[in-house]
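Worksheet: the structure to be examined is printed underneath.
Within every chain, numbering begins at 1; the chains are lettered A, B, ... in the order of the sequence lines, protein sequences first and strands thereafter.
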Amino acid sequence: MDFKNKLTYWYSNNKRDLPWRNTQNPYHIWLSEIILQQTQVKQGLPYYDAFIKQYPTVFDLANASEEEVLKLWQGLGYYSRARNLHTTAKHVASELNGHFPNNYKDLLKLKGVGDYTASAIASIAFNEVAAVVDGNVYRVLSRYFGIKTPINSTDGIKEFKKLASNLIDKEQPAKFNQAIMEFGATQCKPKNPNCTVCPLNDSCIALQKDMIEFLPVKLKKTKVKTRFFNFLVCIDNNKNTFLEKRTSKGIWQNLYQFPLLESHKSLSSEEFHLLNTEDSVLNNLKFDYSLYNTEDKVHKLSHQHLYTKFWIIETKELPNNSIAIKEIKNYPVPVLISSFIEAFNFNDL
DNA sequence: AAGTCGGGGGC
DNA sequence: GCCCCAGACTT
């Protein structure tokens, strides 16, 4: 058997039963692919089920508000995916009569759909011969063929795309694409792959040269920035609070949070007080404050480590643009905020 | 070509 | 602590 036959044979006997594998509905395939971008199946699965249930058709998704979509996406991260998802749903619903493009070239034009996702939808939903190259494919091919070209270099991206295009089973592109990805996810894993039971272990270059742990090669590491966040958890006698929407570009765009004061270092209570006397959020208000967490809560993102303090601000009456505390749960918020809300028992007030 | 964008999990 | 995950988009 050749490479593609070994893979598809292995896939037939080892594939997981996943909901998006029981359909060719382009809407379902598209939804699953967006959710699974940079996301493990285990993490994305419950979100897929929730979206299908909440929005059975692309029209249902198109008719929702962005805030509702972000709320359902809450916790999954990379929120631009959710915003683009909504944009594309509206486009497909209103401009394309609810019909997704049925080929790679046109799929590529959709917002949030890049080379990988266009190839995935074209092959899986429409059986087009379009090779997918995701993190799994990079790993499988770099190891099996012993390719040291960095997978995130311009040359590497072209080289692996070309190689995958030459290897794909033209008779069953949908099965081949899913097979090589599934193989990378559960057999040719990043750490400690069990090569002794691998169907490709008689011809894998990396295994022969003992290079498994050094492939694939990837350039540069991300530089992590440290930031200091002070959230103002305002509470008044009528059980109201403040939330603000993050409208600017950057992390958590269009999600909500407690009013934020960013500082250049972790603030003491005295420094925090001084900051507030000059800040507009609380001006003209008489308030008492206390620090909820003595130790900074550290929230780690890919490129940022957030050292966070939650300041509890109690006052008699907040301005009328405040919201009822019990309404907080309706707003999409970052995990950092939702974790605080859960830990901080507002009922004890 | 390099940066940015989340959160969870493996080791 | 570092790396990875069914990547896309911006600069």
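Distance, A:Ile29 CD1 to C:dA6 P: 16 Å, rounded to whole Å. Nucleotide C:dC3 holds its C1' atom 15 Å from the NZ atom of A:Lys189, rounded to whole Å. Taking atom CH2 on A:Trp30 and atom C1' on C:dA6, their separation rounds to 16 Å, with Å as the unit. Regarding A:Gln253, its CD atom lies at a distance of 21 Å from the P atom of B:dG3, rounded to whole Å.
A:Gly250 comes within 4.0 angstrom of the backbone, heavy atoms only, and of no base. Looking at heavy-atom distances under 4.0 Å, A:Trp20 makes contact with a base. Contacts of A:Leu76 with the nucleic acid, taken as non-hydrogen atoms under 4.0 Å apart, include base atoms. Within the 4.0 angstrom heavy-atom criterion, only backbone atoms of the sugar-phosphate kind lie near A:Asp115; the bases stay farther away.
Side-chain contact of A:Tyr116 with A:Gln37: a donor-acceptor pair under 3.5 Å is absent, judged by distance alone.
Where A:Asn192 and A:Gly75 meet DNA chain B, the nucleotide closest to each residue was compared, and A:Gly75 sits on the side nearer the 5' end. Both A:Arg16 and A:Val113 lie close to DNA chain C; mapped to their nearest nucleotides by heavy-atom distance, the more 5′-ward contact belongs to A:Arg16. Toward the 5′ end of DNA chain B lies the nearest nucleotide of A:Lys220, the other residue of the pair A:Lys220 and A:Thr39 mapping further downstream.
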Determine whether A:Gln253 and A:Arg83 satisfy the following criterion, side-chain hydrogen bond (donor to acceptor under 3.5 Å, both in side chains), listing intermediate values before the conclusion. CA-CA 9 Å; A:Gln253 187 179 2; A:Arg83 299 191 300 270; 3.2 Å; yes
Start with the C-alpha distance between A:Tyr144 and A:Ser203, add both sets of side-chain angles, then the distance that settles side-chain hydrogen bond (donor to acceptor under 3.5 Å, both in side chains), and finish with yes or no. CA-CA 7 Å; A:Tyr144 183 78; A:Ser203 44; 2.8 Å; yes
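One cannot find a donor-acceptor pair under 3.5 Å joining the base of C:dG7 and the side-chain atoms of A:Thr117. For A:Arg21 and C:dA6, a side-chain-to-base donor-acceptor distance below 3.5 Å is present, hydrogens and geometry of angles not being considered.
With both pairing distances under 3.5 Å, C:dG1 is matched to B:dC11 as a Watson-Crick or G-U wobble pair.
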